[in-house]
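Just so it is clear, the model here is predicted, and its values are computed rather than measured. Residue numbers start at 1 and run along the sequence shown.
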Amino acid sequence: MRNVYLDYSATTPVKDEVLQEMIPYFTEKFGNPSSLYDKGLESRDAVSHAREQVAALIGAQPKEIFFTAGGTEADNWVVFGAADKLKAKGNHIITTKVEHHAMLHSCQFLEKQGFEVTYLDINEEGRVTPEMLEAAIRDNTILISIMMVNNEIGTVMAIQELAAVARAHGILFHTDAVQALGNVPINVKELGVDLMSMSAHKIYGPKGTGALYIRRGVHISNYLHGGAQEAKKRAGTENLTGIVGFGKAAEIAKRDFDKHVEHCRTLRNHLVERVLAEIPNTFVNGTMEHRHPGNASITFEYIEGEAILLFLNHAGISVSTGSACSSNSLEPSHVLTALGVPVEKIHGTVRFTIGDFTTMEDVDYVVDTLKNVVSRLREISSVNTQKGW
Ligand SMILES: Cc1ncc(COP(=O)(O)O)c(C=O)c1O
């Protein structure tokens with residue numbers, strides 16, 4: 001049976017070039033980067049090199065990159081670090097209804113401690129406009145956090161304009177760029193962001209490694225306390241192999257950016273065009289214009305996305321119904337709800353995400369399989385009968 005993985009927004013395989021770079025740091029180059037002898041210095045140099053590689057991908061200075069255990073830790077650090085540092089100034093945070101749970105649940109935790117959080121709506125394109133942000137700003141706003149690319153519907157936010165609004169008010173601006181990294185052009189200086197979260201496993205690097213960009217001159221409290229690693233800002237012995245892998249993955253993402261984007265966009269557009277033309281009663285969620293090159297969030301009316309997922313799985317195809325973290329929950333997706341998709345249609349939504357190892361034959365196999373699966377499911381669907389479809 002053919003195996004087709006179309007869930008690159010959930011995670012990506014580690015590229016061979018990345019793995020080869022990592023391997024020596026598991027075995028002969030295992031020194032602790034804090035140790036003062038040569039074996040330690042060798043590891044410290046490797047961490048510094050990775051910092052340069054990640055910084056180069058986003059137009060930052062290496063000193064502005066702080067390695068973490070992934071995107072979730074970076075998001076938590078921003079929320080709790082900014083809240084603690086700036087609590088004397090104010091207790092209001094602005095974010096959006098469509099953030100990843102790493103951001104939403106951190107904000108909800110702060111609310112229990114007396115902070116106030118505004119969760120911005122999105123427009124029909126799936127985006128927040130500068131006007132929507134401007135209207136939510138208060139005198140006591142201390143942090144604005146708006147994701148660069150949504151993990152479910154792939155919409156790209158106008159971060160440069162949104163960050164400009166924050167700057168005009170002197171408010172810290174953070175963006176969760178976990179899904180954006182390597183998929184949309186990012187230059188932190190041009191964007192004008194103060195803080196930015198990243199993760200290695202979405203760009204063909206290892207899981208459990210990420211980074212927070214902290215613009216020079218920006219200060220937030222530490223989140224992890226302990227040793228003096230990461231310029232005394234993030235304690236804990238460095239995840240040496242993970243960091244080396246992240247660095248190499250970032251280097252490749254920069255080197256192959258145009259090729260990667262073109263490849264994903266071509267295959268994604270082919271998938272969308274075929275599905276919309278050949279399977280009736282289907283629609284794409286969110287704008288096609290400002291969108292992650294590999295993302296296709298498609299609703300199949302009158303059937304359940306979970307049933308599609310299971311049938312596709314049976315045919316060797318991996319897709320997701322929502323973000324990976326919430327796809328085992330029966331709650332309707334908070335992102336599609338915010339987009340205004342009716343609840344029964346939310347349940348018929350599947351997220352396909354294409355990556356570097358996807359081929360045109362894979363996409364055609366998925367669409368051909370989908371045509372059968374969808375028509376069989378619609379034949380037996382109770383929703384279908386009720387609607388007289
Ligand atoms: C937008 C976004 N933010 C944060 C995360 C969490 O990153 P990590 O898996 O590295 O903790 C994810 C992962 O899916 C994500 O898509």
Quiz item: Taking the side chain from Asn239 and the backbone from Gly242, do they hold a donor-acceptor pair closer than 3.5 Å?
Solution: yes
Quiz item: Say you draw a straight line from CG of Asn76 to CG of Leu212; how long is it, rounded to the nearest 0.5 Å?
Solution: 11.0 Å
Exercise. Starting at CG of Asp75, measure out to CG of Asp176 and round the result to the nearest 0.5 Å.
Key: 4.0 Å
Quiz prompt | Carboxylate-amine/guanidinium contact Glu251 Lys248, below 4.0 Å | solution = yes
Quiz item: Does a side-chain N-to-carboxylate-O contact under 4.0 Å join Arg51 and Glu230?
Solution: yes
Quiz item: Is Lys254 atom NZ crowded by more than 12 heavy atoms from other residues, nucleotides or ligands, each under 6.0 Å away?
Solution: no
Exercise. Report yes if some heavy atom in the side chain of Gln53 is under 4.5 Å from a heavy atom in the side chain of Leu57; otherwise report no.
Key: no
Quiz prompt | Residues His100 and Asn151: side-chain donor-acceptor under 3.5 angstrom | solution = no
Quiz item: From Trp77 CH2 over to Lys233 NZ, what is the distance, rounded to the nearest 0.5 angstrom?
Solution: 7.0 Å
Quiz item: Backbone N or O of Gly192 within a donor-acceptor pair of the Gln160 side chain at under 3.5 Å?
Solution: no
Quiz item: ring-ring contact (aromatic ring centres under 6.0 Å, His included) with Phe109: which residues, sequence neighbours excluded?
Solution: Phe80
Quiz item: Cut-off 3.5 Å, side chains only: do Thr359 and Asp362 have a donor facing an acceptor?
Solution: yes
Quiz prompt | SB check Arg216 Glu64 (cutoff 4.0 Å) | solution = no
Practice problem: Measure across Lys189 and Tyr213 and return the closest heavy-atom pair with its distance rounded to 0.1 Å. | Solution: NZ-OH, 3.3 Å
Practice problem: Just jot down the side-chain contact (heavy atoms from CB on, under 4.5 Å) partners of Glu124, sequence neighbours excluded, or say none. | Solution: none
Exercise. Taking Ser106 for its side chain and Ala102 for its backbone only, find out whether a donor-acceptor pair lies under 3.5 Å.
Key: yes
Quiz item: Does the side chain of Phe300 come within less than 4.5 Å of Leu370's, by heavy atoms?
Solution: yes
Quiz prompt | For Lys345 against Thr299, the heavy-atom pair lying closest together | solution = O-CG2, 3.1 Å
Quiz item: Taking only residues two or more places apart in sequence or in another chain, which ones pass salt bridge (Lys or Arg N to Asp or Glu O under 4.0 Å) with Asp368?
Solution: Arg274
Quiz prompt | Pair Arg351 + Glu152, salt bridge at N-O below 4.0 Å | solution = no
Quiz item: Taking side chain as C-beta onward, heavy atoms only, is His290 less than 4.5 Å from Thr287?
Solution: yes
Practice problem: With rounding to the nearest 0.5 Å, note down the distance linking CD1 in Ile303 to CD in Glu344. | Solution: 13.5 Å
Quiz item: Hey, what do you get for OG1 (Thr353) to CG (Asn295), rounding to the nearest 0.5 Å?
Solution: 7.0 Å
Exercise. Answer yes or no: are there more than 12 heavy-atom neighbours, outside Lys89 itself, under 6.0 Å from its atom NZ?
Key: yes
Quiz item: Is any side-chain heavy atom of Thr349 less than 4.5 Å from a side-chain heavy atom of Thr321?
Solution: no
Quiz item: Between the main-chain N or O of Asp194 and the side-chain N or O of Arg215, is there a donor-acceptor pair closer than 3.5 Å?
Solution: no
Quiz item: Should the heavy atoms of other residues, nucleotides or ligands under 6.0 Å from CZ of Arg376 be counted, would the total exceed 12?
Solution: no
Quiz item: Do Asn91 and Glu116 have side chains that get closer than 4.5 Å, going by heavy atoms?
Solution: yes
Practice problem: Report yes if some heavy atom in the side chain of Glu125 is under 4.5 Å from a heavy atom in the side chain of Thr155; otherwise report no. | Solution: no
Self-check item: Heavy-atom side-chain proximity of Leu104 to Gln108 below 4.5 angstrom
Solution: yes
Practice problem: Answer yes or no: is there a donor N or O on one side and an acceptor on the other, between the side chain of His334 and the main chain of Glu99, under 3.5 Å? | Solution: yes
Practice problem: Could you tell me whether the side chain of Lys39 and the main chain of Asn32 form a donor-acceptor pair under 3.5 Å? | Solution: no
Quiz item: Going by atom types alone, do Thr11 and His201 pair a side-chain donor with an acceptor below 3.5 Å?
Solution: yes
Self-check item: Leu86 side, atom CG; Leu143 side, atom CG - distance, nearest 0.5 Å
Solution: 8.0 Å
Quiz prompt | Fellow cluster residues of Tyr8, listed by chain then number, with links counted only when side-chain atoms sit under 4.5 Å apart | solution = Tyr5, Tyr204, Phe357
Exercise. Can you see which heavy atom on Ala180 is nearest to which on Val149, and at what distance?
Key: CB-CG2, 3.5 Å
I'd like a table of donor-acceptor pairs (distance under 3.5 Å, sequence neighbours excluded) in which one partner is a side-chain atom from residues 161-174, with atom names and distances.
from: His169; atom 1: NE2; to: Glu134; atom 2: OE2; distance (Å): 2.6
from: His174; atom 1: ND1; to: Ser145; atom 2: OG; distance (Å): 2.8
from: His174; atom 1: NE2; to: Ser197; atom 2: OG; distance (Å): 2.7

Quiz prompt | His270: ring-ring contact (aromatic ring centres under 6.0 Å, His included) partners, not counting sequence neighbours | solution = none
Quiz prompt | Sequence neighbours excluded, every pair satisfying ring pair (Phe, Tyr, Trp, His ring centres under 6.0 Å) that has a member inside residues 16-43 | solution = none
Exercise. Could you tell me which non-hydrogen atom of Ile146 sits nearest to which non-hydrogen atom of Val128, and how far apart they are?
Key: CD1-CG1, 4.3 Å
Exercise. Taking the side chain as every heavy atom from C-beta outward, state whether Ile298 and Asn285 have any atom pair closer than 4.5 Å.
Key: no
Exercise. Using the test side-chain contact (heavy atoms from CB on, under 4.5 Å), find all partners of Ser375 that sit at least two apart in sequence or belong to another chain.
Key: none
Practice problem: Output all residues satisfying salt bridge (Lys or Arg N to Asp or Glu O under 4.0 Å) with Arg234, sequence neighbours left out; order by chain, then residue number. | Solution: Glu73
Quiz item: Quick one: salt bridge (Lys or Arg N to Asp or Glu O under 4.0 Å) partners of Arg265, sequence neighbours excluded?
Solution: none
Practice problem: Output all residues satisfying side-chain contact (heavy atoms from CB on, under 4.5 Å) with Gln20, sequence neighbours left out; order by chain, then residue number. | Solution: Asp16, Ile23
Quiz item: Among all residues two or more places apart in sequence or in another chain, which pass the side-chain contact (heavy atoms from CB on, under 4.5 Å) test with Arg255?
Solution: Glu17, Ile252
Quiz item: For Gly205 and Thr12, which heavy atoms make the closest approach, and how far apart are they?
Solution: N-OG1, 4.2 Å
